[in-house]
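Note that the numbering runs from 1 along the sequence shown for the chain. Keep in mind it's a predicted model, so treat the numbers as computed, not measured.
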Amino acid sequence: MRVPAVEWVKRDHPGPGVDMAVVEDVPGPDLEGLLARDRRAGMRVVERLGPVLETMASLRGSGWGRVSGAVRGKGACERLVLERALRDLAEGVRRRPDLAAVRGRVERGVVEAAARVEPRRRYGLVHGELGSDHVLVGAGGEPVLIDVEGTMFFDVEWEHVFVRLRFGDLYRSLEVPGLDGARLGLYAWAQRLSLVAGPLRLLEGGFADRRVLEGIVEAQMGWIGAHV
């Protein structure tokens with residue numbers, strides 16, 4: 001995948017990290033800004049991003065976990081997602097009475113979605129948090145992925161649920177073949193619940209733009225309401 005290039009590194013010590021690094025300057029703009037200013041030009045970049053995601057999905061690892069570390073996760077990644085989804089549901093229930101009112105149906109939907117997932121032994125390469133704000137546009141109009149420290153081998157379906165949320169109707173240019181519908185179903189529940197619990201936690205603090213977080217929560221609550 002296209003990422004800024006490291007041109008030169010200087011390290012004068014045996015420990016982790018470097019003293020100095022020179023990396024390629026990709027001045028942008030980012031894809032989010034380009035889509036806002038010139039949707040047609042932004043769509044051309046989105047179309048070029050689609051083959052990038054397909055190539056990443058085709059790169060396989062025998063275990064799941066961060067590319068930057070040798071340690072791989074234990075157990076099935078869908079089990080991890082299920083456990084987190086149920087924790088997020090419990091957090092959301094404490095803060096939203098309307099979610100508490102449908103807790104049983106939501107939990108049943110999540111558990112039933114997890115039960116439909118078949119075991120998997122190999123995983124694809126994913127960015128982990130790929131929105132249009134994490135894509136710069138190179139001088140030739142090519143997409144340049146940034147913030148890649150979370151790149152990992154995981155279920156590709158996890159990435160695509162997130163990408164669909166972030167790109168909306170433009171996602172049709174980014175979908176890859178062969179996605180597992182059962183995993184898409186489970187991960188849709190998990191990410192929606194995360195986008196309820198996370199903003200609600202922040203709203204209890206001093207987050208500046210409360211309307212943004214409230215809008216995120218209400219959008220997810222609408223989706224949940226339509227699926228229970």
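Residues Phe153 and Leu59 come closest through the heavy atom pair CE2-O, 3.6 Å. When all heavy atoms are compared, the tightest approach of Leu179 to Glu175 is CD1-CG, 4.4 Å. Looking at every heavy atom in both residues, Ala188 comes nearest to Val161 through CA-CG1, 3.7 Å. In this structure, Trp64 and Ala76 approach most closely via the heavy-atom pair NE1-C, 4.0 Å. Taking all atoms of both residues into account, the shortest heavy-atom contact from His127 to Glu159 is N-OE2, 2.7 Å. Of all heavy-atom pairs between Asp88 and Ala197, the closest is O-CB, 3.6 Å.
Residue Leu82 holds its CG atom at 12.0 Å from SG of Cys77, rounded to the nearest 0.5 Å. Interatomic distance, CZ of Arg39 versus CZ of Arg44, reported as 13.0 Å (0.5 Å rounding). From Met56, atom CE reaches atom CG of Leu49 across 9.0 Å, with rounding to the nearest 0.5 Å. To the nearest 0.5 Å, atoms CZ (Arg211) and CG (Leu213) are separated by 11.5 Å. Between the CE atom in Met221 and the CG atom in Leu200 there is a gap of 9.0 Å [rounded to 0.5 Å]. The CG atom of Asp180 lies 9.0 Å from the CD atom of Glu78; values are rounded to the nearest 0.5 Å.
Under a 4.0 Å N-O distance rule, the pair Arg40/Asp38 does not qualify as a salt bridge. With salt bridges taken as basic N to acidic carboxylate O contacts below 4.0 Å, one links Glu204 and Arg95. One finds no salt bridge joining Arg11 and Asp19 here, because no Lys/Arg side-chain nitrogen approaches an Asp/Glu carboxylate oxygen to under 4.0 Å. Taking a cutoff of 4.0 Å between a charged side-chain nitrogen and a carboxylate oxygen, Arg96 and Glu218 qualify as a salt bridge. Checked for salt-bridge contact, Arg164 and Glu157 miss the test: no charged N lies under 4.0 Å from a carboxylate O.
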* Stepwise side chain to side chain contact (heavy atoms under 4.5 Å, CB included) check, Val26 with Ile146 -> CA-CA 10 Å; Val26 183; Ile146 60 171; over 6 Å; no
* Verdict with supporting geometry, Leu136 and Leu31, side chain to side chain contact (heavy atoms under 4.5 Å, CB included) -> CA-CA 6 Å; Leu136 296 181; Leu31 181 53; over 6 Å; no
* Please assess Val106 against Ile224 for the test side chain to side chain contact (heavy atoms under 4.5 Å, CB included), listing each intermediate value before the final yes or no. => CA-CA 8 Å; Val106 173; Ile224 290 169; 3.7 Å; yes
* To do: Run the numbers on Arg172 and Glu47 for salt bridge (Lys or Arg N to Asp or Glu O under 4.0 Å), then give the verdict.
  => CA-CA 9 Å; Arg172 62 183 180 271; Glu47 289 170 356; over 6 Å; no
* **Val110 vs Leu193, side chain to side chain contact (heavy atoms under 4.5 Å, CB included): CA-CA, chis, key distance, verdict** => CA-CA 10 Å; Val110 174; Leu193 289 168; 3.9 Å; yes
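Of the possible donor and acceptor atoms, none in the side chain of Asp30 sits under 3.5 Å from a partner among the backbone N and O of Val135. For the pair Gln191 (side chain) and Trp158 (backbone), a donor-acceptor distance under 3.5 Å is present. Without hydrogens or angle criteria, Glu32 side chain to Asp133 main chain gives no donor-acceptor distance under 3.5 Å. When atom types are taken as modelled, the side chain of His134 and the backbone of Glu129 share a donor-acceptor pair closer than 3.5 angstrom. The backbone N or O of Pro51 lies less than 3.5 Å from a partner atom in the side chain of Thr55, making a donor-acceptor pair. In terms of modelled atom types and a separation under 3.5 Å, the side chain of Arg210 and the main chain of Leu203 share a donor-acceptor contact.
Transitive grouping of hydrophobic side chains (ILVMFWY, heavy atoms separated by less than 4.5 Å) keeps Val67 and Phe162 in distinct clusters. Hydrophobic clustering, with ILVMFWY side chains joined whenever heavy atoms are under 4.5 angstrom apart, groups Val126 together with Leu174. Criterion: ILVMFWY side-chain heavy atoms under 4.5 Å apart, direct or through other members. Under it, Val196 and Leu86 are part of a common hydrophobic cluster. Linking Ile, Leu, Val, Met, Phe, Trp and Tyr whenever their side-chain heavy atoms come within less than 4.5 Å leaves Leu170 and Val144 in two separate clusters. Under the 4.5 Å side-chain contact rule for hydrophobic residues, Leu125 and Leu80 share a cluster.
Between Trp223 and Trp189, the gap from one ring centroid to the other is short of 6.0 Å.
The side-chain heavy atoms of Pro177 and Glu54, taken from C-beta on, include a pair separated by under 4.5 Å. At least one side-chain heavy atom of Leu195 sits less than 4.5 Å from a side-chain heavy atom of Leu165. With a 4.5 Å cut-off on side-chain heavy atoms, Val22 and Val6 do not count as touching. Contact check for Asp147 versus Glu149: side-chain heavy atoms found under the 4.5 Å cut-off. Inter-residue side-chain proximity for Arg166 and Leu130 is flagged as unmet; no heavy-atom pair is nearer than 4.5 Å. A 4.5 Å side-chain heavy-atom check between Val52 and Arg2 finds every atom pair outside the cut-off. By the 4.5 Å heavy-atom criterion applied to side chains, Ser194 and Gln220 are not counted as neighbours.
Crowding of Arg121 atom CZ: a count of heavy atoms from other residues, nucleotides or ligands under 6.0 Å not exceeding 12. More than 12 non-hydrogen atoms from other residues, nucleotides or ligands lie less than 6.0 angstrom from CZ of Arg120.
Residues passing the side-chain hydrogen bond (donor to acceptor under 3.5 Å, both in side chains) test with Arg201 are Glu91, sequence neighbours excluded.
Between the side chains of Tyr187 and His160, not a single donor N or O lies within less than 3.5 Å of an accepting N or O.
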